[in-house]
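Okay, structure first, notes after.
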Amino acid sequence: MIRVLLADDQALIRAGFRALLSAEDDIEIVAEAADGDQAVSQAAAHLPDVALVDIQMPRVDGIEATRRIAGDPALAAVHVVILTNYGLDEYVYAALRAGAAGFMVKDTEPDDLLHGVRVAARGDALLSPAITRRLIGEFVSRPPRGPLTGALAALTNREREVVALAARGLSNDEIAEQMVISLATAKTHISRAMTKLHARDRAQLVVFAYESGLVTV
């Protein structure tokens, strides 16, 4: 059972998401929040697998709420997915840097939302191809960040390769197929890279790949 926290200041929006998600046999709504402060406290109280967090809320916005959740070691298992009406780039970057596992616009198709919740619950990065393309376009226009470039030395060549492929949106299965390795080996490379880079989740590997210059095209 996937345990979900809904955080949105609009009760009607929460009701719509609740009706959709609760109808699934493998998803349970364990808590709701109307602002960022409540989102953080409810995450701590209920330890959901996934927190669907609106980006624009009163008192504390979704970005800051995400930062607080991601920064609390006791909430390491909570995967935050940012929800917004706007697919604006600055929100994507801010959400991922704050520790979000993914980013979705509210007008996404119901099936895509359900898929996104399940992907996030598995610990995979939830980034649509369109968002991935925007990330690439943004980061390739900037010089690599020095400290992150140095961190590449901690990775083996194979680990660099899997991080780069993950940053381009490939799943573990697709990475294994492209590298001609087993799925278990691909997962091991990803896990070791996350450990070495102190990445909270796969989404942070994506940010690292772009900001370090590992992915340039």
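Owing to the predicted nature of the structure, the values given are computational and were not obtained by experimental measurement.
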Quick check: is [Y] connected to [X] through a chain of hydrophobic side chains (ILVMFWY, heavy atoms under 4.5 Å apart)?
X      : Y      : value
Val30  : Val40  : no
Leu170 : Val162 : yes
Ile13  : Leu20  : yes

Take His46 and Leu5, measure what side chain to side chain contact (heavy atoms under 4.5 Å, CB included) needs, and give me the verdict at the end.
CA-CA 8 Å; His46 296 276; Leu5 161 66; over 6 Å; no
Is there a salt bridge (Lys or Arg N to Asp or Glu O under 4.0 Å) between Asp26 and Arg118 once you walk through the steps?
CA-CA 9 Å; Asp26 61 336; Arg118 294 181 176 112; 2.8 Å; yes
Electrostatic pair [X]-[Y], nearest N-O below 4.0 angstrom:
X      : Y      : answer
Glu159 : Arg192 : no
Lys106 : Asp54  : yes
Arg122 : Asp49  : no
Arg59  : Glu64  : no

Nearest atoms (heavy-atom pairs only) where [X] meets [Y]:
X     : Y      : result
Ser22 : Ile29  : OG-CG1, 3.4 Å
Ile82 : Gly62  : CD1-O, 3.9 Å
Thr66 : Ala100 : CG2-N, 3.6 Å
Pro48 : Val78  : O-CG2, 3.3 Å
Ala39 : Ala33  : N-CB, 3.4 Å
Leu75 : Ala44  : CD2-CA, 3.6 Å

Could you walk me through whether Met104 and Leu113 pass the side chain to side chain contact (heavy atoms under 4.5 Å, CB included) check?
CA-CA 8 Å; Met104 299 184 72; Leu113 176 64; 4.1 Å; yes
Apply side chain to side chain contact (heavy atoms under 4.5 Å, CB included) to Leu183 and Asn172, showing your working.
CA-CA 7 Å; Leu183 176 59; Asn172 287 340; 3.6 Å; yes
Does the pair Val50 and Arg3 meet the rule for a side chain to side chain contact (heavy atoms under 4.5 Å, CB included), with working shown?
CA-CA 6 Å; Val50 177; Arg3 295 161 48 81; over 6 Å; no
Give a yes or no on whether the backbone of [Y] and the side-chain of [X] come within a donor-acceptor separation of less than 3.5 Å.
X      : Y      : result
Lys196 : Ala154 : yes
Thr108 : Val105 : no
Arg67  : Ala98  : no

Rounded to the nearest 0.5 Å, what's the gap from [atom1] on [X] to [atom2] on [Y]? Could you check?
X      : Y      : atom1 : atom2 : answer
Leu205 : Leu197 : CG    : CG    : 6.5 Å
Glu161 : His189 : CD    : NE2   : 8.5 Å
Asp173 : Gln178 : CG    : CD    : 13.0 Å
Phe208 : Met194 : CZ    : CE    : 13.0 Å
Gln56  : Leu83  : CD    : CG    : 12.0 Å
Asp25  : Ile2   : CG    : CD1   : 11.5 Å

Among side-chain atoms of Thr185 and Ser182, is any donor-acceptor pair under 3.5 angstrom?
yes
Counting only heavy atoms from other residues, nucleotides and ligands, does the tally under 6.0 Å from CD of Glu174 exceed 12?
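Result for CD/Glu174: enclosed.
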Is any side-chain heavy atom of [X] closer than 4.5 Å to a side-chain heavy atom of [Y]?
X      : Y      : result
Leu114 : Ile27  : yes
Val81  : Val117 : no
Val60  : Arg68  : yes

